[in-house]
Amino acid sequence: MHFEGSVEIRAPRDRVWAFVTDPNQVGGCGPGVESIEVIDDRHFRARAKVGIGFISARFLVDLEMAELTPPERAVIRARGQAPGSAVDATASMNLRDGAAVATTTMDWAADVTIAGTIASLGGRLIEGTANKMIGQTFDCMRSRLEA
Amino acid sequence: MSETYHAQAPTTTPEVGGMGHALKRREDPRFIRGKGEYIEDVMLPGMLWLDIVRSPYAHATIRGIDASEALKVPGVLAVITGRDLEAAGLHWMPTLAGDRQMVLPTDTVMYQAQEVAAIVADSRYAAADGVAAVLVDYEPLPVVVDPFKALEPDAPVLRPDRGPDKQTNRIWHWESGDKAAADTALAGSDVVISEDIYIPRIHVASIETCGCIADWDPVREHLTVHMTTQAPHAIRTVFSLVSKIPEHKIRIKTHDIGGGFGGKVPVYPGYVLAVVASLTTGKPVKWIEDRSENLQADSFARDYHVHCDLGTTKDGRLTGLRVRTIADHGYSDAAADPSKFPAGLFNVITGSYDLPAAFVEVDGVYTNKPPGGVAYRCSFRVTEAVHSIERMVDIAAHQLGIDPAELRMKNFIQPDQFPYHSATGWEYDSGNYPAALRKAMEIIGYDELRREQAEKRARGELMGIGISSFTEIVGAGPSHTFDILGIKMFDSCEIRIHPTGSAIARLGVQSQGQGHETTFAQIIAEELGIPATDITIEEGDTDTAPYGLGTYASRSTPTAGAATAIAARKIRDKARLLAAHLLEANPDDLEWTNGKWSVKGSPDRFKTIQEIAFAAYTNHPQGMEAGLEAVDYYDPPNLTFPFGSYICVVDIDKGTGQVKVRRFVAVDDCGNIINPMIVDGQIHGGLTMGLAPALYEAITYDEQGNNQAGTFLDYLVPTAMETPAWETDKTITPSPHHPLGAKGVGESATVGAPPAIANAVVDALWHLGVRHIDIPITPQKVWAILREKGVTA
Amino acid sequence: MTTQHVRVTVNGQPREADVEPRLLLAHLLRDAFGLTGTHVGCDTSHCGACTVIFDGRSAKSCTVLAVQANGAEVTTIEGLEQGGKLHPLQQAFWDQHGLQCGFCTPGMIMESTWLLGQNPDPTEAEIREGISGNLCRCTGYVNIVKAVQQAAAELRAAGAGTAEQASVAAGGR
């Protein structure tokens, strides 16, 4: 599944960059994240509980900052596992100065592959759920950055 | 021969209950009280539970398995991985089709939900906790879901373990018939009808899933496996060959089986894992799969991509048939087809028609799916063949503007052509196809329905009438042609008459609800005059029953039923000698009537079978062995060819696209009938398992290889609401070579019903320009077609 | 894991057990009480093989926790036969060939007892709707419908309303 979009954030690019590359900050906005463990400056591990329809699963997700070009572009790769299910995702974020002063435009794209029980049982709900989760993630980032 | 009988009067009294009596089933008293004993009901002292870790990926490398957390779960005793099995050489096992499949992978998983590790625990809940605690490190690999893409040159080779000359996803290529003759016939035809027909992957979904209890006794060095298997004897042999445990140290024991339909023929990794776990722990180990495991990982049926070219003259005389098929077998060919028939009996695709030329070719292909091609109330690809030819004949009729019934009548193999030799090499034993179709047309009121359809069409309503005139091919099979892993496909019966005249019979087949305890007793009652209620039928204990290949492919009556009749006749022959001794008469002067040997011309001088049985143990003549028993291993001289004509009426809701089966008349001919009540029940069930794939059921995969119908939420087994009130009737054309004239019936309706329904739907839509719709014909599909054709509610 | 003590009246007999809070009623009946006539055929509450009568209503016992049954009255297939006489539905399923492999049969019969308790004279359509939460893979439902019709007629003829039958039909005791 491919998702992409663009968000306007009323915060300067440096602050946005610092936020999205700090696992503890950006991680707190991830869907269902319960805890973040930083392994090194490029790797971290999250525990997240995700529900699709009537199914829910607790994922253990390994994340890697695969590409960091400050303050322009970041690529994060994630691989998560739950009993009988797995998710693989690559997300890229491109930051540019917004039209207004002290704002940032973030063009993002994500490729997500879901495998196993969740994909089987939640199949027809996945796309909508994923869309909703992505929306919630950016809402969360924006509200924290704009606070 | 080939004469149609409309009734078959029983020759025995209702008290004896021989052939033709609608004897109430003898297995039912336990089932209606909840006292059946299914595998999950069996509890052994000290028994452990096994549960399975399954792969979320359809194709991935396993980089590591971390079971440390699982082993900390209270109650978890052991974790078994592919590496553990590899040490014992048990990580791969043979399939019945001569391929091999993994018990557990060491390096690579090949389908979503594949077994990856097993947890052994002291309760089912602890075992499930253990499964959730295992961490597997996977590296996903490219997934091949589409069998056509699997054949492209740059497709990854899914089974590099095969020999250097087999580094391709093409498993095998199989041909039947005369290519040149078919090509010539088609080239000379007025019209060639061509169509691609996909027959999707489906799952038997018996309401009881699969399971077993493996019980290794380390003192006696003996293994008992209580299991849900339709073929206990073959399983014992395979287990012995794989495990190297001597065959006399293995006992396979079935219990009541909650439906099989072919899904309980293969050996699944779970069975082997339970055996390994019991060998390791020295305790009984139970494995029961849950429904989602059953729907995601067990063997599947169908998945045939068929292309047909059917030649015909302008006036509807069929001239030739050419068929090219891609068979999606998943990652292993685990089908249970006879070894000379990798595409089963698919070349019966000429069906009920006198087709002078035919050529069929099939390519088996590997994909990242669980093993496919096994069974769905038909193991040997007859359903695929019948669906294809019945759809093609219907398209031909519509295209030529000939009524589908008329076109069939015109091309049927005629009653005087039997035994009929088909263009692909089968010898059809007997049949009367026009009689069955005529009868179905009379019952349903065909002409009146066509009038109604015309009126409704004028009003813009969508109503369709569909016909299927199928020919089955069952009763595998003659030993010169049929074997599975080298074991010839005979079957067996052993009968012992007790001194007081009651009896026990044991057979090599295995009931899964078909009512063997009743019907096989009726055969003995018919042959010996012993009341069926005085006869115990036992199956499924390999320590006591004679060897046989089991129950699938509608083979029990054609093979074991015949063995039962022949064994009973052997007993009757010995009884004659005993009677002669008791009556002080010459055996040649005796005649057999209704359970008695009597002196010809002196009907009051007789001995009943019960008197004779008593004498066999108390007063047998000098020089004769005591006892009264016989065994027969029956090697059928030919297959049997049940047939029938089905007519279906559907109404289509223009607003929702929903297809409603208004009426369905099934006229079946399965030869002579042992128990008409049970035959009707088999047909009702078979029809429902024909309705299901026609309109509702399909196992589909997304592009990542995720099974999208892994529970009953998405795999739509018909309820009583969708299922119509089936109307059944019979013609009776006995098999000329079966000792009882019987043919087998279990799968006929599943084979015959889907095209009747599909033909009815297309018949309702043909005037809109619809030529073919692949099954399942879901409301979504029909709705989309209606919108495309500009039809609105 | 901690356990809780549950007391359940099953087929008129008081039964009790210490159970994990997550234990399903189906497993309590089968594994703890040995009443294996209640079958489990799926894990999504679709198949109905586990249907029992729970405080007078039909319930899929795979979807009820054992702890929820504390203090409840449960009737299973084993509780239908009275004084050596089959319940009219049991007899009718046998007479009409309403079963083949027998696996769905206990749930189908239990659901039908509830159905006839609610509606003593159902039409064929009402019967089909009434058992539509119970899957049968063998019979094609034709003979199950006939069996329910036979039992309904018999129950009505026997006085439609004798206290005993009404109570058994409704699953209570």
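Chain naming here is simple, since letters A, B, ... match the order of the sequence lines and numbering starts at 1 in each. Atoms considered below: every heavy atom in the structure, side chains included; atoms not considered: hydrogens, waters and symmetry mates.
B:Leu687 does not touch chain C: none of its heavy atoms, backbone or side chain, sits under 4.5 Å away. With a 4.5 angstrom heavy-atom cutoff, B:Met689 touches chain C only via side-chain atoms. Interface residue C:Thr44: only side-chain heavy atoms are found under 4.5 Å from chain B. Looking at C:Ile109, the atoms closer than 4.5 Å to chain B (heavy atoms on both sides) all sit in the side chain, from C-beta outward. Using a 4.5 Å cut-off between heavy atoms, B:Met677 touches chain C through backbone and side chain atoms alike. Proximity to chain C involves both the backbone and the side chain of B:Ala205, based on heavy atoms less than 4.5 angstrom apart. Within the 4.5 angstrom heavy-atom criterion, only side-chain atoms of B:Lys35, from C-beta onward, approach chain C. For a residue to count as touching a neighbouring chain, one of its non-hydrogen atoms must lie under 4.5 Å from one of that chain's; by this rule B:Asp290 touches chain C with backbone and side chain alike. Using a 4.5 Å cut-off between heavy atoms, C:Leu23 touches chain B through backbone and side chain atoms alike. If you measure heavy-atom distances from B:Thr719 to chain C, the contacts under 4.5 Å come from both the backbone and the side chain. With a 4.5 angstrom heavy-atom cutoff, B:Tyr38 touches chain C only via side-chain atoms. Interface residue C:Glu124: only side-chain heavy atoms are found under 4.5 Å from chain B. Looking at B:Gln514, neither its backbone nor its side chain comes within 4.5 Å of chain C, counting heavy atoms on both sides. The parts of B:Glu40 that come within reach of chain C are both its backbone and its side chain, each placing non-hydrogen atoms under 4.5 angstrom from that chain.
No donor-acceptor contact under 3.5 angstrom links the side chains of B:His684 and C:Tyr141, judged on distance only.
The CG atom of C:Asp43 sits 8.5 Å away from the CD atom of B:Glu293 when rounded to the nearest 0.5 Å. The CD1 atom of B:Ile207 lies 8.5 Å from the CZ atom of C:Phe103; values are rounded to the nearest 0.5 Å. Separation of atoms OG1 (B:Thr723) and CZ (C:Arg128) is listed at 6.5 Å; rounding is to 0.5 Å. The distance from atom CD of C:Gln100 to atom OG of B:Ser511, rounded to the nearest 0.5 Å, is 9.5 Å.
Scored by the salt bridge (charged side-chain N to carboxylate O under 4.0 Å, His left out) test, B:Asp714 finds A:Arg124 as partners (sequence neighbours excluded). Scored by the salt bridge (charged side-chain N to carboxylate O under 4.0 Å, His left out) test, B:Glu517 finds B:Arg30 as partners (sequence neighbours excluded).
Per-residue counts of heavy-atom pairs under 4.5 Å with chain C were compared for B:Val204, B:Thr209, B:Ile288; the largest is that of B:Val204. Note on B:Gly36, B:Pro724, B:Ala720: by heavy-atom pairs under 4.5 Å with chain C, the leading option is B:Ala720. Of the listed residues (C:Val142, C:Leu35, C:Thr105), the one with the most heavy-atom contacts under 4.5 Å to chain B is C:Val142. Your options are B:Leu713, B:Asp680, B:Thr688, and the one with the most heavy-atom pairs under 4.5 Å with chain C is B:Leu713. When B:Gly259, B:Ser292, B:Ala749 are compared by the number of non-hydrogen pairs under 4.5 Å with chain C, B:Ser292 comes out ahead.
Side-chain contact between C:His39 and B:Asp41: present, with at least one pair of heavy atoms (C-beta onward) separated by less than 4.5 Å. Counting heavy atoms from C-beta outward, C:Cys101 and B:Gln512 have side chains that stay 4.5 Å or more apart. With contacts defined as side-chain heavy-atom distances shorter than 4.5 Å, the pair B:Arg124/C:Asp31 qualifies. Inter-residue side-chain proximity for B:Arg291 and C:His46 is flagged as unmet; no heavy-atom pair is nearer than 4.5 Å. Side-chain contact between B:Ile678 and C:His97 is present, with at least one heavy-atom pair separated by less than 4.5 Å. Within the 4.5 Å cutoff, no side-chain heavy atoms of B:Ile32 are placed close to those of C:Glu81. No side-chain heavy atom of B:Phe31 sits less than 4.5 Å from a side-chain heavy atom of C:Ile77.
A salt bridge between B:Arg25 and C:Asp95 is absent, with no side-chain N of the basic residue lying under 4.0 Å from a carboxylate O of the acidic one. Salt-bridge formation is not detected for the pair B:Arg33/C:Glu78: no Lys NZ or Arg NE/NH1/NH2 atom is positioned less than 4.0 Å from an Asp or Glu carboxylate oxygen.
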Stepwise side chain to side chain contact (heavy atoms under 4.5 Å, CB included) check, C:Leu135 with B:Phe712: CA-CA 10 Å; C:Leu135 297 177; B:Phe712 282 155; 3.9 Å; yes

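Enclosure of atom CD in C:Glu129 is not indicated, since only 12 or fewer non-hydrogen atoms of other residues, nucleotides or ligands lie within 6.0 angstrom.
Heavy-atom minimum distance, C:Arg137 versus B:Pro718: NH1-CD, 4.0 Å.
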